[in-house]
Every structure is written in C-alpha cells, then in structure tokens.
Protein chains: 2
Amino acid sequence: MPDQHSTLRAQRRAETQRAIQAHAVRLFTERGYDATTVTDVAEAAGVSPMTVYRHFPTKEDLVLIDQHGQLVAERIAATPATQSLVRRIGSALIDSATALTSGRHENNLTADGRFLLARLRLMISTPALRAKHLDNHYALQQAIVAAIEDDATDPETTFHAQAAASACLAVLHTALVRWAEDDGRAELPDLIAKALAAAFGDDIVDTRRDAGPPQPGG
Amino acid sequence: MPDQHSTLRAQRRAETQRAIQAHAVRLFTERGYDATTVTDVAEAAGVSPMTVYRHFPTKEDLVLIDQHGQLVAERIAATPATQSLVRRIGSALIDSATALTSGRHENNLTADGRFLLARLRLMISTPALRAKHLDNHYALQQAIVAAIEDDATDPETTFHAQAAASACLAVLHTALVRWAEDDGRAELPDLIAKALAAAFGDDIVDTRRDAGPPQPGG
DNA sequence: ACCAAGATGGTAGTAACTACCAGTGCGGTA
DNA sequence: TACCGCACTGGTAGTTACTACCATCTTGGT
C-alpha cells in the first residue's frame, strides 16, 4: 500500500514529482517541447533521467498528468438522474471548472491557475501533447459513461451515453482552447456554459442549479 | 508539380504507397501494432525502411492516412446556411458516410469497406493510433469551421462553430466505434444519425433531406 | 540492531525518426 | 536518338524516447 503507508515517503515522492513537472513545463514553455529532452528536464530538476521515467511514464505525461479528471466522473454520479444526459454532464463540467479556477482576485489567476494555463497552452500548441490529451478525454468519457450507467448495461443506453459524453467533452475542449487563447482572463465556467449552449441549444444550460425540464438526449 | 507531371510516376508512387499501407495494416492486425516494427513493414512490402518513411512520415500514418477527411469539409459549404450548425454538419457527415460505405451487397462489405474497418479497429484499440486519430479529427474540425465561416470572422461566431463542430465530430467518433464493434454489419449512416439524435435531440436529424426548422446552435 | 520495501541511479539495448549523400530510372529536350 | 534534370529509392550514422536488469541507499517497523 503506497498510499497511506508512510506520510514522509509519500510527501517526498509527491514533492519530487511536483518539482519535476514544474521544471518540465517551464523548460517546454521556454525552449519548446520537442527541443527539450527528458535529460534536460532531469538535470533541471536535479534528478537522474531514470527518476523522471519512474514518476512520468512518458514525456507527454510530464505535461498531461493531473488529478482533475476523476473528479468529474464522481460529480456526474451525484447529479439527479431525472435530467437529460447532456444537462447532467454539462453541469458537472461547469461545477468542476468552477472549483478548479476558484480563488482568483479580479484579473489575477492563482499560481495553480497560471500553471494550469501554461500546461494547457502546451497541450494545444504541441501536436503530440494535443493528441494524447484528446485521448485522455476519451478515457474520461468512458469513466463518465460508467458513472452514468452504474448498473444497467443496455447496449442502446450505453450508446446514448457515449454520444452525449463525447459531445460534451468535445465542447469542453473547445471552451478550454478559448480560455487559453484568452490567457485565462474570461471565466472558464461561463465559457463552458456558452459553448454548451452553442452546441446543444440555449435551453440546455441552467444559470441556476435547480432542475429544469429535460429535453434532448434523455 | 508532382501532381500531373507524369502519370506513370504518379501511378507507381500511388501503388507503392497503397502496397505499403496494405502490408502495414495486415501486419499490425496479425502481430499487433507495437510488436511490428517499421522495418518489418518495409520488408513485407519489399522496400527499404527509408521508402516507408518517405511515403508515411510517422508509423501512425501507416494506418491513419486517407483522403476522406477533406471531402467532409467541402460538403459542409454546400449545405444551406439557413439550417442550424449541428444540422448542417450532421447531414454532411451522414452523406459522407453514405458515400463511403456504399456498394455493399447484403451483409458483405466491399474490399474498401473491409480495409476501412480493419484500420478503424486498429485506431480504436491502439492508444497511439487512437490519440493521433482524435487529433486528426481536431484538424478536421478546424477545416469545418473554416468552411462554415468562409468570410465573416466574428470571434463569437467562430466560437459557436468550434463548439458545434467539435461536438458533431465527437459524436461521429462514437458512431464509428460502435460501427467497428459491430464489425460493420450495421449501416454507418444510421448509426451516425442515431448518435446525433442521442446527443442533440431526436428533432435534429432529418430522415429526408429537406430543410426542417432550425432550432439550437444557429 | 535488523530486515523489508520503496526510491534512486547506472548500463545496455531497442526502435522511431532524421539528416546527409549516392545510385537508378523516368521525362522532356536538342 | 542521345542527353540532362528530377523524382524515387537506398545506405549510413546519429539522436532520442523508452525499457529491462541490477546495485545502492534510505525509510519504517520489529
């Protein structure tokens, strides 16, 4: 059990991991992703290349790894099943984005927010990162579908959930790109809501968090 | 101009390219993608590894390269601008799928159809291929947005188009996965239509090709 | 004090990919 | 018909991401 066995070990490990990723994102931003080798990152972080690979299986993971993904799936299961699929998923995405970008003062992002923005810019501009990031969204889609079904596994129902989840996550990606292009000045939840409305219709996104009439996709 | 300069040269080039891809897909299916090296593909096709890289920049392109993508974007511009975005894109996708899978007898796919199915299975099951395939969809999304705008470049309009296009292509991907899981027995256009209906509502897809009332996403 | 286990580092190897240069056959031209 | 340009192909050497396999050291519990 590497989870709880020792706090000191876990702390050290988490710290080196954080340091490696921070140096990696910094170097990738400064010199470019392809122009920076894993050895460069290792030297900057003061560890051996081996250690980098222990913490991050691939070079892409140096940018992509975070914990935000699984939070969304958990949030889905908590939404009322009376609403339509896109409404449930959409509101979960907006809530997650709200939690993620909270704690900002006026136009200034937090340190976490700036780090997220830097990673996002890399993900969008670097083909290899963009591809694997989209694939991560695909994995998240599977988790969302699993969270929705929970028990019943009718193939038709699964297909509906797949379609709704994939569409919602694609819309989320569009909003993330827009947010990054805007240098994080706009409110991410608002962008997601606007993108959802653009794709599914203005009536799909609720400004207040009370259940509205479910329409499509249910 | 390597396009029209010589028919014999172009024919030879196209033939070797086709042969390399055919051997690649066969070997990848038989032995697995990761277990097959580019050198293996080159030997099977009777050419040098260098030639393989000349025709296909990356190993992934051995599976991913085709010409279907750009056809969709062209089809979009031909749709009436009076309809909603998702309806325009959706019908273009369905039409493209119809053209792509036409010419089948009962339950038997054509040779092209079987080849497409084999490639699709690889794209779905192999992480590296899946990632780059999704990134290709992202590139196609940009082309679709460009085809929709055509002249006016209002940022807000672009954002709407991005959201709608990304959602539609994600739904398309879901339908393609389903089609591959079904071994190509189902009708691909029908699956796309069903997936679109699941995501955007039953009223978004027209069974007949006459303009209906535009609702969301316009 | 001692042992189990986790974290780190080193070495060697594979495979994708990239210049750089050389040979060969097709295509138009004198 | 002879000739030159050019596209296509092949070879060599090198870089880099990534993977075993093994040795070392530190940490946590007995």
Side-chain angles (χ1 to χ4, degrees), chain A residues 1-21 23-25 27-28 31-65 122 126-132 135, chain B residues 1-21 23-25 27-28 31-65 122 126-132 135:
Chain A
M1 297 74 178
D3 303 326
Q4 197 74 338
H5 195 212
S6 160
T7 39
L8 200 151
R9 257 190 160 92
Q11 270 183 352
R12 274 201 193 280
R13 180 172 179 81
E15 171 54 25
T16 53
Q17 183 155 344
R18 196 207 57 77
I20 291 173
Q21 192 177 35
H23 283 285
V25 170
L27 288 179
F28 291 160
R31 310 182 195 172
Y33 178 78
D34 294 320
T36 307
T37 68
V38 176
T39 305
D40 292 339
V41 174
E43 284 181 4
V47 296
S48 76
M50 288 298 310
T51 303
V52 175
Y53 283 115
R54 291 269 163 63
H55 287 269
F56 302 90
T58 71
K59 186 182 177 185
E60 290 113 6
D61 289 325
L62 283 167
V63 178
L64 297 177
I65 279 188
L122 286 170
T126 309
L129 294 174
R130 191 177 54 219
K132 195 154 183 177
D135 194 47
Chain B
M1 294 71 178
D3 302 328
Q4 198 73 338
H5 194 211
S6 159
T7 38
L8 200 149
R9 258 191 159 94
Q11 269 185 351
R12 272 200 193 280
R13 181 171 180 80
E15 171 54 26
T16 54
Q17 182 154 345
R18 195 206 57 77
I20 291 173
Q21 192 176 35
H23 283 286
V25 170
L27 288 179
F28 291 160
R31 311 181 195 171
Y33 179 79
D34 293 320
T36 308
T37 69
V38 176
T39 305
D40 292 339
V41 174
E43 285 183 3
V47 295
S48 76
M50 287 299 308
T51 303
V52 175
Y53 282 116
R54 292 271 160 65
H55 286 270
F56 301 89
T58 71
K59 186 183 177 184
E60 290 113 7
D61 289 325
L62 283 167
V63 178
L64 297 176
I65 280 189
L122 285 170
T126 309
L129 293 174
R130 191 176 53 220
K132 195 154 183 178
D135 193 48

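Throughout, a chain's letter reflects where its sequence line sits, starting with A, and its residues are numbered from 1. No hydrogens, no waters, no symmetry mates; every other heavy atom, side chains included, goes into these values.
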* To do: Would you tell me if any nitrogen or oxygen in the side chain of T16(A) comes within less than 4.0 Å of OP1 or OP2 on dT8(C)?
  => yes
* Structure fact -> The answer to which of Y33(A) and H55(B) contacts DNA chain D further toward the 5' end, by nearest nucleotide, is H55(B)
* Asked: Looking at the side chain of R12(B), which of dC26(C), dA17(D), dA7(C) is the nearest nucleotide?
  -> dC26(C)
* To do: Report the distance from atom CG of L129(B) to atom P of dA16(C), rounded to the nearest whole Å.
  => 12 Å
* Are any non-hydrogen side-chain atoms of T126(B) and R130(B) less than 4.5 angstrom apart? -> no
* Can you tell if the side chain of H55(B) reaches within under 4.5 Å of the side chain of R13(B), non-hydrogen atoms only? -> yes
* For the helix from dA1(C)-dT30(D) to dA30(C)-dT1(D), what is the angle between the axes at its two ends, each from 5 pairs, rounded to 10°? -> 10°
* Structure fact -> Taken to the nearest whole Å, CG/D34(A) to P/dT18(C) is 10 Å
* Asked: Passes side chain to side chain donor-acceptor pair (under 3.5 Å), T36(B) versus K59(B)? Steps please.
  -> CA-CA 10 Å; T36(B) 308; K59(B) 186 183 177 184; over 6 Å; no
Nucleotide N/O to protein N/O under 3.5 Å, stretch nucleotides 10-14 of chain C:
none

* To do: Look at all strands and tell whether T39(B) reaches a base, only sugar-phosphate, or nothing, counting heavy atoms closer than 4.0 Å.
  => nothing
* If you check the E60(B) side chain, which of dA17(D), dC17(C), dG9(C) turns out closest? -> dC17(C)
* Decide yes or no for F28(A) and L129(A): does some side-chain heavy atom of the first lie under 4.5 Å from some side-chain heavy atom of the second? => no
* Structure fact -> Y53(B) OH to dG11(D) P, in whole Å, measures 15 Å
* **4.5 Å side-chain heavy-atom contact, D61(A) and K132(A)** => yes
* Lys/Arg-Asp/Glu bridge criterion (N-O < 4.0 Å) met for R31(A), D40(A) -> yes
* To the nearest angstrom, how far is D61(B) atom CG from dT18(C) atom P? -> 10 Å
* To do: Round to a whole Å and report the spacing from CG of L62(A) to C1' of dC18(D).
  => 13 Å
* Tell me, do L62(B) and V25(B) make a side-chain contact under 4.5 Å, heavy atoms counted? -> no
* Asked: Is there a side-chain contact between T51(A) and T16(A), using heavy atoms and a 4.5 Å cut-off?
  -> no
* **salt bridge (charged side-chain N to carboxylate O under 4.0 Å, His left out) between R18(A) and E15(A), worked out** => CA-CA 5 Å; R18(A) 196 207 57 77; E15(A) 171 54 25; 3.4 Å; yes
